[in-house]
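Report on the structure given below.
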Number of protein chains: 2
Amino acid sequence: MIATRIRKGIIKKTEEAQSPMATLIAIVDDEPDILELVLIHLKKSGFLAEGFLEAEKFFKFLEKRIPDLIILDLMLPDTDGLDVCKFLKSKEKYSSVPIIMLTAKAEETDKIIGLELGADDYVTKPFSPKELVARVKAVLRRQKKVEGTGITTVGNQLTIDFEKYEVRIKDKTVDLTATEFKILKLLSTRKGRVFSRDEILDFLWGHEKVVIDRTIDVHIRHLREKLGSASMFIKNVRGIGYKIDE
Amino acid sequence: MIATRIRKGIIKKTEEAQSPMATLIAIVDDEPDILELVLIHLKKSGFLAEGFLEAEKFFKFLEKRIPDLIILDLMLPDTDGLDVCKFLKSKEKYSSVPIIMLTAKAEETDKIIGLELGADDYVTKPFSPKELVARVKAVLRRQKKVEGTGITTVGNQLTIDFEKYEVRIKDKTVDLTATEFKILKLLSTRKGRVFSRDEILDFLWGHEKVVIDRTIDVHIRHLREKLGSASMFIKNVRGIGYKIDE
DNA sequence: TATAAGGTTAATTTTTGGTTAATTTTTTGA
DNA sequence: TCAAAAAATTAACCAAAAATTAACCTTATA
């Protein structure tokens with residue numbers, strides 16, 4: 001009897017351990033109905049979700065916890081969603097948190113602006129909650145968190161160890177220069193997200209150093225050369241910049 | 001009485017059954033929300049976790065059980081987290097239990113102080129629960145490796161005895177200065193990990209002393225000279241720092 | 001207080017790789 | 001289908017980083 005209970009206990013524990021970890025999602029939207037609806041659907045899908053009607057309260061929340069993903073309405077009453085996005089991206093702490101934008105208009109220009117500001121995806125209103133949840137999952141899947149372990153993989157043949165500054169392709173180590181490594185790091189920590197050449201340069205050298213942005217092309221070339229077959233994951237988005245796509 | 005015996009039995013069985021995973025983690029944090037969140041995530045990851053809002057209760061708990069890892073908020077209402085850390089490290093009983101510090105500010109000085117006091121890692125608020133869990137796993141993983149002898153070997157010709165402050169190359173002892181030894185220790189306890197010159201300097205002298213980082217180059221040179229053939233394991237990563245690579 | 005040991009600095013040489021600019025190829029839209 | 005724009009490629013140049021060397025402090029100790 002006791003034995004059985006012990007067994008069960010163990011089995012249950014194991015199952016828990018294998019289940020996906022709770023993912024915290026923050027939603028900022030000034031329309032209570034929509035906020036409520038989104039929250040319900042996210043929670044039904046097993047996410048931990050927190051909603052905010054004002055940017056103000058959202059910022060308060062941010063001081064205590066960093067969510068795994070942020071859903072942001074472009075149109076907020078107190079602040080502009082784009083400004084929030086810009087702010088988040090400028091802070092080291094939050095810069096790696098993926099953002100999904102909710103936009104009222106499906107204008108192509110908005111999309112571009114969103115991409116340039118660092119959003120990882122955008123959903124146009126009106127939207128179906130199911131679609132939003134699907135997008136959330138897609139972005140998270142792409143992301144494949146690096147945190148803590150300091151290791152990430154791209155297309156399961158390329159592994160990047162941030163502590164060791166080591167890159168391996170199918171267990172063969174590849175020598176990268178510091179700059180090449182940093183670019184790869186930037187792109188791979190936000191898979192799918194497009195980075196402009198200026199953004200990459202800022203990441204590399206900060207604002208002080210002024211360098212022609214064509215330089216990035218050359219670094220990308222070197223990277224691609226060294227990565228060989230795995231270079232297929234580094235993609236150019238014409239007119240905008242570069243990204244990693246698995 | 002019977003209850004006690006059953007309990008004992010269960011505990012023993014459980015430990016046997018899931019040797020790597022039945023890890024007990026204690027968290028001390030005065031903010032109920034954060035405590036709750038962390039507990040949820042740790043448990044979902046398969047850890048046994050106990051939370052404490054006050055240092056007082058945590059100490060009571062310590063009299064009964066020694067956790068495998070402690071997560072400690074630097075800012076506690078009744079006691080200073082640093083004092084708790086100092087106390088734990090001073091007691092033979094608890095000195096080998098790894099500690100992860102939660103700090104409100106990302107002040108560099110705090111970090112160093114924490115590390116000097118024996119904390120194994122630190123996470124700055126706000127943090128993502130996932131990151132914390134990943135750090136916990138990383139610290140535990142590291143712990144396992146170091147446990148036991150206190151002797152490390154590099155590329156099976158270089159042995160380092162941390163207790164005796166002794167370095168041998170193929171059974172011939174090598175005389176190192178304290179500084180050289182410390183650098184070798186730092187690099188060899190986290191093989192492969194690249195340390196910047198600043199990190200090495202912080203490890204050597206803390207933050208008070210201000211020294212030009214070129215100094216490290218000279219120490220490395222001396223080290224390499226003394227290590228002879230084994231110096232091949234000390235590698236420079238241009239633009240980043242030094243590491244040991246086997 | 002003289003001495004030795006070890007840490008630091010500074011100056012010089014060597015090596016590496018980041019930047020530029022010129023050229024070719026590719027993409028896109030009129 | 002053609003012209004313009006953007007990206008890829010290539011090689012030369014040069015500046016930054018590391019290695020090396022020697023001289024100079026600092027501190028502990030006899």
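Every chain is numbered from 1 and lettered A, B, ... according to where its sequence line falls, protein lines coming before strand lines.
Residues satisfying the salt bridge (charged side-chain N to carboxylate O under 4.0 Å, His left out) test with A:R135, not counting sequence neighbours, are A:D121, A:E131. In this structure, the ring-ring contact (aromatic ring centres under 6.0 Å, His included) partners of B:F87, at least two apart in sequence or on a different chain, are B:F59. For A:R221, the salt bridge (charged side-chain N to carboxylate O under 4.0 Å, His left out) partners at least two apart in sequence or on another chain are A:E225. Considering only residues two or more places apart in sequence or on other chains, B:R197 meets the salt bridge (charged side-chain N to carboxylate O under 4.0 Å, His left out) condition with B:D217. Contacts of B:I240 classified as side chain to side chain contact (heavy atoms under 4.5 Å, CB included), with partners at least two apart in sequence or in another chain: A:Y165, A:A178, B:V194, B:V237. Under the rule for a ring-ring contact (aromatic ring centres under 6.0 Å, His included), A:F47 has no partner lying at least two apart in sequence or in another chain. For A:D245, the salt bridge (charged side-chain N to carboxylate O under 4.0 Å, His left out) partners at least two apart in sequence or on another chain are A:K243.
Within residues 175-183 of chain A, the residues having any heavy atom closer than 4.0 Å to DNA chain C are, in order of number, A:T177, A:T179. Only at 4.0 angstrom or more do the heavy atoms of residues 190-199 of chain B sit from any atom of DNA chain C, so none qualifies.
Of the candidate nucleotides C:dT8, D:dA7, C:dG18, C:dG18 has the atom nearest to the side chain of A:H219. Side chain of B:N236, nearest nucleotide from C:dT9, D:dA18, D:dA7: D:dA18.
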Check the interface with nucleotides 21-24 of chain D: list each N/O to N/O pair with the protein under 3.5 Å, or write none.
unit_1 : atom_1 : unit_2 : atom_2 : d
D:dT21 : OP2    : B:R221 : NH2    : 2.7

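Summarising the geometry, the separation between CG on B:D213 and P on C:dA10 is reported as 12 Å, rounded to the nearest angstrom. A straight line from CG of A:D217 to C1' of C:dT20 spans 12 Å, rounded to a whole angstrom. Protein atom NZ of A:K235 is 17 Å distant from nucleotide atom C1' of D:dA8, rounded to whole Å. Rounded to whole angstrom, the span from the CG atom of A:L204 across to the P atom of D:dA16 amounts to 16 Å. C:dA5 atom C1' lies 10 Å from atom NZ of B:K226, rounded to whole Å. Between A:I240 atom CD1 and D:dA5 atom P the separation is 18 Å, expressed in whole Å. A:I220 places its CD1 atom 14 Å from the C1' atom of D:dT9, with the value rounded to the nearest Å. A:I234 places its CD1 atom 12 Å from the P atom of D:dT9, with the value rounded to the nearest Å.
No side-chain heavy atom of B:V123 sits less than 4.5 Å from a side-chain heavy atom of B:I71. Taking the side chain as every heavy atom from C-beta outward, A:Y94 and B:P126 approach each other to under 4.5 Å.
In this model, a donor atom of one side chain and an acceptor atom of the other lie less than 3.5 Å apart for A:T23 and B:K130.
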Could you run down nucleotides 22-30 of chain C 5' to 3' and tag each one B, S or - for protein heavy-atom contact under 4.0 Å? -----BS--
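Within the 4.0 Å cut-off from OP1 or OP2 of C:dT20, at least one side-chain nitrogen or oxygen of A:T215 is found. Side-chain N/O atoms of B:R214 include one lying less than 4.0 angstrom from OP1 or OP2 on D:dA18. An OP1 or OP2 oxygen of D:dA16 is reached within less than 4.0 angstrom by no side-chain nitrogen or oxygen of A:W205. Contact between the side-chain N/O atoms of A:Y242 and the OP1/OP2 oxygens of D:dA6 is not found at any separation under 4.0 Å.
The residue A:K209 sits close only to the backbone: its heavy atoms come under 4.0 Å of sugar-phosphate atoms, none of a base.
How far CG of A:L88 is from CG of A:L72: 7.0 Å, rounded to the nearest 0.5 Å.
At a threshold of 4.0 Å, the pair A:E199-A:R190 does not count as salt-bridged, since none of the basic side-chain nitrogens sits closer than that to a carboxylate oxygen.
Residue A:V139 comes nearest to A:P98 through the heavy atom pair CG1-CB, 3.6 Å, listed as atom of the first residue, atom of the second, then distance.
By the neighbour-count criterion of 12 heavy atoms within 6.0 Å, atom NZ of A:K235 is densely surrounded, having more than that number from other residues, nucleotides or ligands.
Between A:H219 and A:H222, the ring-plane angle classifies as perpendicular under the 30° and 60° cut-offs.
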Quick one: do A:R65 and A:L24 satisfy side-chain contact (heavy atoms from CB on, under 4.5 Å)? Show the steps, please. CA-CA 9 Å; A:R65 303 177 201 177; A:L24 181 63; 4.2 Å; yes
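Remark: A:K185 qualifies as a cation-pi partner of A:F162 under the 6.0 Å distance and 45° angle criteria applied to the six-membered ring.
From one end of the helix from C:dT1-D:dA30 to C:dA30-D:dT1 to the other, with five pairs defining each end axis, the axis direction shifts by 40° (rounded to 10°).
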